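The structure appears right after this line, and notes come after that.
Within every chain, numbering begins at 1; the chains are lettered A, B, ... in the order of the sequence lines, protein sequences first and strands thereafter. None of these values were measured; they are calculated from a predicted model.
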Amino acid sequence: MEHLEIKYLLKSNVDALIDTTVNVKGWVRTKRGNKNVAFIALNDGSIIHNLQIVIDLANFDEALLKKITTGACIGVDGKLVKSQGQGQVVEVLAEAITLYGEADSETYPLQKKGHSMEFLREIGHLRLRTNTFGAMCRIRHQMAYAIHTFFHERGFFYFHTPLITASDCEGAGEMFQVSTIDYTNPPRKEDGSIDYEQDFFGKQTSLTVSGQLEGELGATALGKIYTFGPTFRAENSNTPRHLAEFWMVEPEMAFYDLDKLTALEEEFIKYCVRWALDNCTDDLEFLNKMVDNGLLERLRSVIDAEFVRLPYTEGIRILEEAIANGHKFEFPVSWGTDLASEHERYLVETHFKKPVIMVNYPKDIKAFYMKQNDDGKTVQGTDVLFPKIGEIIGGSVREESYDKLVARINELEIPMKDMWWYLDTRRFGTCPHAGFGLGFERLMLFITGMANIRDVIPFPRASKTAEF
RNA sequence: UCCUCCUUAGCUCAGUUGGUUAGAGCACCUGACUGUUAAUCAGGGGGUCGAAGGUUCAAGUCCUUCAGGGGGAGCCA
């Protein structure tokens with residue numbers, strides 16, 4: 001008999017299957033009943049909803065039924081019928097049950113009741129079987145698919161940048177070293193330092209902190225590319241918004257200026273949010289009900305809003321005005337300093353009440369590769385600031401002038417000996433170009449309404465966190 | 001990394017100015033119930049109070065250190 005997914009039975013027109021025998025397989029969420037009849041809520045992961053299996057106790061061996069507990073895996077052959085009870089349209093009257101795997105009820109950690117996110121992190125290998133994490137994983141898949149679709153439809157090429165790199169040009173913080181050297185007895189040079197020429201790659205290597213620099217090589221050859229892959233930061237940052245291993249989306253486009261860049265950033269995020277609303281309805285409704293009551297409203301408001309373009313200088317003026325009107329911030333505000341989270345939140349949540357794309361930052365608080373403006377003070381960097389989660393995108397127009405770029409590198413004393421290939425993009429056929437980076441899990445935080453970034457990736461990697 | 005709060009049953013939490021045998025709800029087990037929706041009702045088992053020291057006649061409760069976790073901050077995506 002053909003095995004049918006529960007999503008198919010609950011979401012398709014199955015009138016033709018009524019009163020026929022079907023086969024379903026999945027994991028038991030709950031079993032309840034009386035001495036005549038038992039009800040099993042069966043979930044196979046294809047959809048958040050459970051299929052109700054009805055068991056006439058007279059037809060089954062009591063020893064078998066006893067083993068069908070929360071968490072057990074079973075297959076059921078049975079007649080599909082319109083449900084007698086409320087709460088579901090169809091249900092299956094069991095005719096034969098196959099027990100694939102028991103789940104001892106005294107030791108199986110997941111209960112019918114809800115669990116705290118903190119507890120579920122301790123059983124990361126099993127939490128995927130909960131409603132919340134099932135919803136998260138299905139949405140995560142849909143978002144990945146949406147991202148590929150968005151760029152593919154617009155002529156971007158999916159461009160694969162290396163995970164192992166020999167350069168840390170962004171200075172984006174601590175990196176994880178990649179080495180086959182025996183660290184208890186490393187080969188040494190005459191001056192006592194470790195001789196990486198004898199290491200696997202013949203030089204010191206790390207896991208990448210960004211695919212941007214290689215992405216620029218792609219954009220200056222293919223026109224429009226995007227990367228979508230894992231990224232690594234060895235920073236010991238212990239917050240609900242940081243991971244040591246996270247997925248990043250980094251488009252890079254030749255011949256894009258600041259206006260085209262911010263337009264793409266806005267269009268991209270709205271596309272993803274709309275995709276979620278269109279394709280993850282059941283999961284989002286569940287999360288809206290169980291995790292974050294304001295979720296659906298917030299998602300819809302982002303689609304409808306026109307993102308504010310806010311020059312940094314104007315942002316500072318608004319914040320100084322707020323202070324003059326009596327608003328208290330913990331940290332001072334002045335032109336030239338980076339904004340603290342509280343300042344960004346004020347602008348997004350209090351002042352404008354919609355997403356803000358801040359542009360033209362002081363050059364001293366942004367990376368060396370950002371395009372310098374004619375004022376000599378600012379660069380064409382952009383941050384997309386979102387309600388609740390803060391910075392979701394960081395991007396910029398890149399400095400395409402070889403002389404200006406090298407001058408800035410020398411000014412900041414950035415070691416570029418391993419970066420000669422990057423400078424060649426400006427030496428040979430340089431072009432105006434721009435790009436941005438979006439933290440995929442930050443997007444997931446916004447889409448799902450989850451509070452902690454460790455709960456929007458199946459197996460989070462963070463400081464002291466690598467058990468599962 | 002800094003600030004702050006927390007750690008008591010499988011889970012979520014009570015536990016008074018330090019004072020007999022550490023409690024509840026849920027979960028689990030047993031039983032009842034003619035179709036349940038995280039079913040309901042009755043009963044039962046279950047704890048080295050995060051770890052190590054210390055103060056005290058007496059510590060779940062006070063002190064110190066460590067570990068783990070939450071929230072906030074910095075860094076960023």
Sticking with atom P, work out how far B/C6 lies from B/A22, rounded to a whole angstrom. 24 Å
Counting only side-chain nitrogens and oxygens, does A/S341 get under 4.0 Å of the OP1 or OP2 atom of B/G74? yes
Mind telling me whether A/F176 and A/F232 have parallel, tilted or perpendicular rings, with 30° and 60° as the class edges? perpendicular
Remember a base hit wins even if backbone is also touched, and classify A/E342 as base, sugar-phosphate or nothing at under 4.0 Å, heavy atoms. nothing
In whole Å, what is the span from the CZ atom of A/R29 to the P atom of B/U37? 19 Å
May I have the distance from A/E441 (atom CD) to B/C76 (atom C1'), rounded to whole angstrom? 14 Å
With a 4.0 Å cut-off on heavy atoms, is A/H115 in touch with a base, just the backbone sugar-phosphate, or nothing at all? sugar-phosphate
Please state whether the rings of A/F329 and A/H327 are parallel, tilted or perpendicular, taking 30° and 60° as the class boundaries. tilted
What dot-bracket string describes RNA chain B from 5' to 3', counting Watson-Crick and G-U wobble pairs whose defining distances are under 3.5 Å, with [ ] for crossing pairs and | for pairs to another strand? (((((((..((((.....[...)))).(((((.......))))).....(((((..]....))))))))))))....
Have a look at A/E91 and say if it touches a base, only the backbone sugar-phosphate, or nothing, with a 4.0 Å heavy-atom cut-off. base
Which part of the nucleic acid, if any, lies within reach of A/R121 when heavy atoms closer than 4.0 Å are counted: base, sugar-phosphate only, or nothing? sugar-phosphate
Residue-phosphate contact under 4.0 Å: A/R127 side-chain N/O, B/C11 OP1/OP2: no
To the side chain of A/I453, which of B/G71, B/A77, B/G68 is closest? B/A77
Using a cut-off of 4.0 Å on non-hydrogen atoms, how would the nucleic acid contact of A/S105 be classed: base, sugar-phosphate, or nothing? sugar-phosphate
Whole-Å distance separating the CD1 atom of A/I40 from the P atom of B/A38: 16 Å
Take atom NZ in A/K388; do more than 12 heavy atoms of anything else shown fall under 6.0 Å from it? yes
Start at the 5' end of RNA chain B and walk down; is the nucleotide closest to A/F331 or to A/K31 reached first? A/K31
Which part of the nucleic acid does A/I392 contact within heavy-atom distance under 4.0 Å: base, sugar-phosphate only, or nothing? sugar-phosphate
Could you tell me the separation between the CZ atom of A/R454 and the C1' atom of B/G69, rounded to a whole number of Å? 10 Å
Would you please confirm or rule out a distance under 4.0 Å between OP1 or OP2 of B/C11 and any side-chain N or O of A/S116? no
How is A/G114 classified with respect to the nucleic acid when contacts are heavy atoms under 4.0 Å: base, sugar-phosphate, or nothing? base
Touch class at under 4.0 angstrom, heavy-atom based, for A/F119 against every strand present: sugar-phosphate
Using a heavy-atom cut-off of under 4.0 Å over every strand shown, decide if A/K366 touches base, sugar-phosphate, or nothing. nothing
Phosphate-side-chain proximity, A/N236 and B/G74, N/O vs OP1/OP2 below 4.0 Å: no
So what does A/A340 hit on the nucleic acid, given a heavy-atom distance under 4.0 Å: a base, only sugar-phosphate, or nothing? sugar-phosphate
Nearest of B/A77, B/G10, B/U36 to any side-chain atom of A/M248? B/A77
Would you mind telling me which of B/G68, B/A77, B/G74 lies closest to the side-chain atoms of A/S237? B/G74
In whole angstrom, what separates A/E106's CD from B/A9's C1'? 13 Å
Has A/F246 got its ring stacked on the base of B/A77, with centres under 5.5 Å and planes less than 30° apart? yes
With rounding to whole Å, what would you report as the distance between B/C49 and B/U21 at their P atoms? 15 Å
Please confirm whether the backbone N or O of A/R138 pairs with a side-chain atom of A/H141, one donor and one acceptor, at under 3.5 Å? no
So what does A/N50 touch, heavy atoms closer than 4.0 Å: a base, only the sugar-phosphate, or nothing? nothing
Out of B/U37, B/U30, B/G74, which has the shortest distance to the side chain of A/Q86? B/U37
If I pick the C1' atom on B/G69 and the same atom on B/C28, what distance separates them, to the nearest angstrom? 26 Å
So what does A/G33 hit on the nucleic acid, given a heavy-atom distance under 4.0 Å: a base, only sugar-phosphate, or nothing? base
Taking OP1 and OP2 of B/U34, is either one under 4.0 Å from a side-chain nitrogen or oxygen of A/K35? yes
Which atoms form the tightest heavy-atom contact between A/I6 and A/L42, and what is the distance? CD1-O, 3.3 Å
Between A/R32 and B/U36, is there a side-chain N or O to OP1/OP2 distance below 4.0 Å? no
Using 30° and 60° as the class limits, which term best fits the ring planes of A/F228 and A/H148: parallel, tilted or perpendicular? tilted
Could you tell me whether the side chain of A/Q88 has a donor or acceptor atom within less than 3.5 Å of a complementary atom in the base of B/U36? yes
How long is the line joining CD of A/Q84 and C1' of B/U34, in whole Å? 11 Å
Taking all heavy atoms of A/R454 and all of A/P460, pick out the closest pair and write down the distance. O-CG, 3.5 Å
Whole angstroms only, please: what is the CG-P distance between A/L385 and B/C76? 14 Å
Is NZ or CZ of A/K224 both nearer than 6.0 Å to the six-membered ring centre of A/Y256 and within 45° of the ring axis? no
Which of the following nucleotides, B/U36, B/U34, B/U12, is nearest to the side chain of A/N36? B/U34
What distance separates A/Q52 CD from A/L93 CG, expressed to the nearest 0.5 Å? 10.0 Å
At under 4.0 Å between heavy atoms, what does A/E330 touch on the DNA or RNA strands: base, sugar-phosphate, or nothing? nothing
Nearest to the A/Q111 side chain among B/U36, B/C11, B/U30, which nucleotide is it? B/C11
Which residue lies toward the 5' end of RNA chain B, A/T465 or A/L438, if each is placed at its nearest nucleotide? A/T465
Write down the distance separating the P atoms in B/U7 and B/C62, rounded off to the nearest Å. 10 Å
Give the ring-plane orientation class for A/F368 versus A/Y422, where under 30° counts as parallel, over 60° as perpendicular and anything between as tilted. perpendicular
Atom-pair distance (OH on A/Y108; P on B/C29), nearest Å: 14 Å
Minimum-distance pair of heavy atoms, taken over all atoms of A/I318 and A/F352: CD1-CZ, 3.7 Å
Of all the choices, B/A73, B/C28, B/G70, which nucleotide is nearest to the side chain of A/R345 once you look at every atom? B/A73
Would you tell me if any nitrogen or oxygen in the side chain of A/K112 comes within less than 4.0 Å of OP1 or OP2 on B/A39? yes
OP1 or OP2 of B/C75 less than 4.0 angstrom from a side-chain nitrogen or oxygen of A/R241, does that happen here? no
